[in-house]
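Encoded as structure tokens, the structure appears first; notes follow it.
Hydrogens, waters and symmetry mates play no part in the numbers below; they use all other heavy atoms, side chains included.
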Amino acid sequence: LVLLGAVAFVLLIGCANAAILLIAQWTAREADTAVRSALGASRGRLVRALLTEAVCLSVTAGICGVIATFILRWFVMTRMGANLSMFDVSIPLRVFVQSAAIATGAGIVAGLAPALYETARLQLNPLRGLQSSDRLRQQWSHALVVAEISITVALLVITTSMVIGYQRLRDAQFVRREC
């Protein structure tokens, strides 16, 4: 359970970083979204479009992760001097199904809140948001960078402490078995 929690925190770091980067990207394309809204696109349609972009990005990242898994597996099998015949290095199909589900879920989690945030501002007057100054946009950009770094550092500290705690627990159990 400790390792599952550590992996979940690492996934949360990735989702938080992706969400903040999506907000920054969508804020830069604010004019496009405002024009679509002014031309009659509903909030639901805009959210679906932004959410589709986030899910496509996360699925692409998941595919890159699977490709990296195959490359690392090949590297370990061909480059390692040890005899790997006693180890099962095959990758079961359920791992790929779980990877696809996690990538899709992470895309939805990382994209839903930014999509709702970006479209909420366009409810009353879509083109009014375009009149905001560059100074306000720059302040938001700096705030997003600070938030991203803060969230990442906090979650990395938590994940590191969980892994260290797991290692201590494992070492304590190993010592207990030897006694």
Side-chain angles (χ1 to χ4, degrees), residues 1-69 93-163:
L1 289 176
V2 173
L3 288 179
L4 177 66
V7 169
F9 278 126
V10 170
L11 181 62
L12 186 60
I13 289 170
C15 286
N17 286 335
I20 290 170
L21 292 174
L22 286 172
I23 288 174
Q25 178 187 6
W26 293 340
T27 302
R29 291 189 350 220
E30 181 178 35
D32 178 46
T33 307
V35 169
R36 285 182 184 182
S37 180
L39 290 174
S42 67
R43 183 177 184 203
R45 187 178 191 113
L46 292 172
V47 167
R48 280 193 307 270
L50 295 173
L51 196 57
T52 301
E53 182 180 338
V55 170
C56 286
L57 180 68
S58 69
V59 168
T60 303
I63 290 170
C64 289
V66 168
I67 291 170
T69 301
L93 180 63
R94 67 178 171 83
V95 171
F96 296 117
V97 172
Q98 290 171 350
S99 297
I102 289 171
T104 304
I108 292 170
V109 167
L112 188 60
L116 292 175
Y117 168 76
E118 284 297 317
T119 57
R121 298 181 297 135
L122 302 173
Q123 287 291 312
L124 300 174
N125 187 358
L127 297 177
R128 184 174 183 175
L130 295 177
Q131 299 171 355
S132 64
S133 68
D134 287 336
R135 181 181 228 180
L136 181 64
R137 189 180 311 267
Q138 191 175 29
Q139 288 174 348
W140 265 106
S141 174
H142 290 308
L144 287 175
V145 169
V146 168
E148 180 179 4
I149 291 170
S150 302
I151 290 170
T152 302
V153 167
L155 289 174
L156 280 174
V157 166
I158 291 170
T159 304
T160 304
S161 66
M162 289 181 73
V163 169

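- The shortest heavy-atom contact between Ala54 and Gly107 is CB-O, 3.8 Å.
- Leu57 contributes atom CG, which lies 12.5 Å from atom OG1 of Thr52 (distance to the nearest 0.5 angstrom).
- For the atom pair CD1 of Ile63 and OG of Ser58, the computed distance is 9.5 Å after rounding to the nearest 0.5 Å.
- The backbone N or O of Ala101 sits nowhere less than 3.5 Å from a side-chain atom of Thr104 that would complete a donor-acceptor pair.
- Side-chain N or O atoms of Arg48 include none that pairs as donor or acceptor with a backbone N or O of Arg43 at under 3.5 Å.
- Nearest heavy atom pair, residue Gly111 against residue Leu51, reads C-CD1, 3.6 Å.
- Nearest heavy-atom pair, Ala103 versus Gly62, reported as atom, atom and distance to 0.1 Å: CB-CA, 4.2 Å.
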